[in-house]
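All residue numbers refer to positions in the sequence shown, counting from 1. Read the numbers this way: they start at 1 and go in the same order the structure lists the ligands and their atoms.
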Amino acid sequence: MKIIMLGAPGAGKGTQAKRISEKYGIPHISTGDIFRANIKEGTALGKEAKSYMDEGKLVPDELTVRILLDRVSKDDCKGGYLLDGFPRTIPQAEVLDKELEKAGDRVDFAIDVEVPDESIVKRMSGRRACLKCGATYHVESLPPKTEGICDKCGEKLSIREDDKEETVKKRLEVYHKETEPLINYYEKKGILETVDGMQDAEEVFSSIIAILDKQG
Ligand code: ADP
Ligand code: ADP
Ligand code: ZN
């Protein structure tokens, strides 16, 4: 099963992706997590990606696509995978489709998690992230068991550099311009599914399971 998570920054893609990945036993691949891991390790890729991410801009397609195709070529992706934060532009989606086609394969589901812009800024201001395992929390709606510490791996939680209000606004602008057109792209392919991201995380998860189990 190959799944794509769509939705604005902060819609809850990562939160759901973690749960889906555990339930269905497929790897959760987040291009944002890959970039952040590289920034943490101080690699050349990390340095390049950071300059775009800090400004709320997208990392160029060419670089992003290269990283993603390399990741999905790994053995653990043979039985399927879940993409979170990729594709973010039409050209990225086209490259992915072409690669899959070569292998007689395709994306099975594109799940759009819908949250209005007004709620996004609030979610982002309370987001706390684990830069080690990629888990995210929210100080009010999804707090960790111990304040400031990741439940899953014990790492200290961080506020992401790009979650400042001005940067979030820029990212939303970029989302509407570059990423939202993907909704129509996947709708035309007949694989778009929409879920209400304003529900509790548990309810959003149930809605997604209902979709995947119905047709999967
Ligand atoms: P969020 O979870 O808030 O949507 P991500 O962790 O997915 O954020 O992405 C953080 C940043 O990493 C983006 O703002 C962008 O700069 C960069 N990035 C991640 N994925 C992509 C992608 N597919 N194409 C271009 N840039 C990306
Ligand atoms: P994305 O990967 O789409 O950027 P995240 O999964 O990181 O989004 O979620 C953004 C923030 O909103 C995090 O602080 C997360 O804990 C919180 N969050 C996620 N899902 C919900 C939900 N259904 N209701 C309230 N807060 C949520
Ligand atoms: Zn962690």
| Close-contact set for ligand 2 against Asp200 heavy atoms, below 4.0 Å | 23 (N)
| Does a donor on one side chain and an acceptor on the other come within less than 3.5 Å for His28 and Asp33? | no
| message | Is there a polar contact between ligand 1 and Leu58, counting only N or O atoms under 3.5 Å apart? | response | no
| request: Return the residue, atom name and 0.1 Å-rounded distance of the protein heavy atom closest to atom 23 (N) of ligand 1. | output: Gly85 O, 2.9 Å
| task | Quick one: look up the protein heavy atom nearest atom 24 (N) of ligand 2 and list residue, atom name and how far away it is. | result | Arg123 NH2, 3.2 Å
| request: Taking the six-membered ring of Tyr81 (Phe, Tyr or Trp), confirm whether the NZ or CZ of Lys2 is under 6.0 Å from its centre and within 45° of its axis. | output: yes
| What is the minimum heavy-atom distance between Lys152 and Lys18, and which atoms define it? | NZ-CD, 4.1 Å
| query | Which heavy atom of Pro143 sits nearest a heavy atom of Tyr137, and at what distance? | reply | C-CD2, 4.2 Å
| query | Near Ser141, which atoms of ligand 2 are under 4.0 Å from a heavy atom of that residue? | reply | 25 (C), 26 (N), 27 (C)
| said: Is the contact between Thr64 and ligand 1 made by the side chain, the backbone, both, or neither, using heavy atoms and a 4.0 Å cut-off? | reply: side chain
| query | Closest approach of Tyr175 and Ile183, non-hydrogen atoms and distance? | reply | OH-CD1, 4.0 Å
| Protein heavy-atom partner closest to atom 13 (C) of ligand 1 - residue, atom, separation in Å | Arg88 NH2, 4.1 Å
| query | Do Pro9 and Met124 have side-chain heavy atoms sitting under 4.5 Å apart? | reply | yes
| said: Heavy atom to atom 11 (C) of ligand 1, shortest distance: which of Gln92, Glu178, Met53 holds it? | reply: Met53
| Counting both backbone and side chain atoms, is some N or O of Gly14 under 3.5 Å from an N or O of ligand 2? | yes
| message | If the contact criterion is a heavy-atom separation under 4.0 Å, does Ala11 count as touching ligand 2? | response | yes
| Quick one: does ligand 2 sit under 4.0 Å from the side chain of Gln199, the backbone, both or neither, non-hydrogen atoms only? | backbone
| request: Go through the steps for Val195 and Glu114 under the test side chain to side chain contact (heavy atoms under 4.5 Å, CB included), then give the verdict. | output: CA-CA 6 Å; Val195 297; Glu114 281 189 328; over 6 Å; no
| query | Which atoms of ligand 2 sit under 4.0 Å from any heavy atom of Thr136? | reply | 5 (P), 6 (O), 7 (O)
| said: Tell me whether Ala8 reaches ligand 2 (any heavy atom closer than 4.0 angstrom to a ligand atom). | reply: yes
| note | closest protein heavy atom to atom 18 (N) of ligand 1 is Phe35 CE1, 3.7 Å
| message | Tell me whether Arg171 is salt-bridged to Asp163, with the criterion being a basic N under 4.0 Å from an acidic carboxylate O. | response | yes
| query | For Gly10 and ligand 2, does the shortest N/O to N/O distance drop below 3.5 Å? | reply | yes
| Any donor-acceptor N or O pair under 3.5 Å, side chains Tyr52, Asp162 | no
| Lys40 NZ: over 12 foreign heavy atoms closer than 6.0 Å | yes
| request: Taking only heavy atoms of Pro9 into account, list the atoms of ligand 1 that are under 4.0 Å away from them. | output: 3 (O), 4 (O)
| Face-on cation placement of Lys189 at Tyr185 ring, 6.0 Å and 45° thresholds | yes
| Heavy-atom nearest neighbour of atom 17 (C) of ligand 2 within options His138, Lys13, Arg160 | His138
| query | Just one of Leu63, Leu69, Ile67 clears the side-chain contact (heavy atoms from CB on, under 4.5 Å) bar with Val65, so which one? | reply | Leu69
| note | The protein heavy atom nearest to atom 8 (O) of ligand 2 is Gly12 N, 3.1 Å
| Closest non-hydrogen atom pair, Gly46 against Ile39 | O-CG1, 3.4 Å
| query | For the hydrophobic clusters of this structure (ILVMFWY residues joined by side-chain heavy atoms under 4.5 Å, transitively), does one cluster hold both Met5 and Leu172? | reply | no
| field | Close side-chain approach of Ile20 and Phe205, heavy atoms under 4.5 Å | value | yes
| Just which atoms of ligand 1 are under 4.0 Å from any heavy atom in Thr31? | 19 (C), 20 (N), 21 (C), 23 (N)
| N/O of Gly126 under 3.5 Å from N/O of ligand 2, yes or no? | no
| field | Closest protein heavy atom to atom 16 (O) of ligand 1, given as residue, atom name and distance to 0.1 Å | value | Lys57 O, 2.6 Å
| request: Applying side-chain contact (heavy atoms from CB on, under 4.5 Å) between Leu83 and each of Ile3, Leu6, Thr31, Val72, report the one that passes. | output: Val72
| query | Hey, are the side chains of Met53 and Val59 touching, using non-hydrogen atoms and a 4.5 Å cut-off? | reply | yes
| Taking only heavy atoms of Ala201, which atoms of ligand 2 are found under 4.0 Å from at least one of them? | 22 (C), 23 (N)
| remark: The closest protein heavy-atom partner of atom 6 (O) of ligand 2 is Thr15 OG1, 2.6 Å
| Which protein non-hydrogen atom lies closest to atom 14 (O) of ligand 2, naming both residue and atom, and how far is it? | Tyr137 O, 2.7 Å
| Atoms of the protein (N/O/S only) found under 2.8 Å from the Zn ion (ligand 3) | Cys130 SG, Cys133 SG, Cys150 SG, Cys153 SG
| remark: Closest heavy-atom pair, Thr64 versus Phe35, reported as atoms and distance to 0.1 Å, is OG1-CZ, 3.8 Å
| task | Taking all non-hydrogen atoms of both residues into account, name the closest pair between Leu131 and Arg36 and its distance. | result | CD2-CD, 3.8 Å
| After noting the C-alpha distance and the side-chain angles of Ile29 and Phe86, does the key distance pass the side chain to side chain contact (heavy atoms under 4.5 Å, CB included) rule? | CA-CA 9 Å; Ile29 300 173; Phe86 185 99; over 6 Å; no
| task | Return a yes/no value for Val204: is any of its N or O atoms, backbone included, closer than 3.5 angstrom to an N or O of ligand 2? | result | no
| What part of Leu142, side chain, backbone, both or neither, has a heavy atom within less than 4.0 angstrom of ligand 2? | side chain
| query | Under 4.0 Å between a Lys/Arg side-chain N and an Asp/Glu carboxylate O for Glu166 and Lys169? | reply | no
| said: Can you tell me which portion of Val113 lies within the under-4.0 Å heavy-atom range of ligand 2? Options are side chain, backbone, both, or neither. | reply: neither
| request: Would you mind finding which of Arg127, Glu202, Glu140 brings a heavy atom closest to atom 5 (P) of ligand 2? | output: Arg127
| task | Could you check atom 25 (C) of ligand 1 against the protein and tell me its nearest heavy-atom contact, residue, atom and distance included? | result | Val59 O, 3.2 Å
| field | Proximity of Arg171 to ligand 1 by residue part, where a heavy atom lies under 4.0 Å | value | side chain
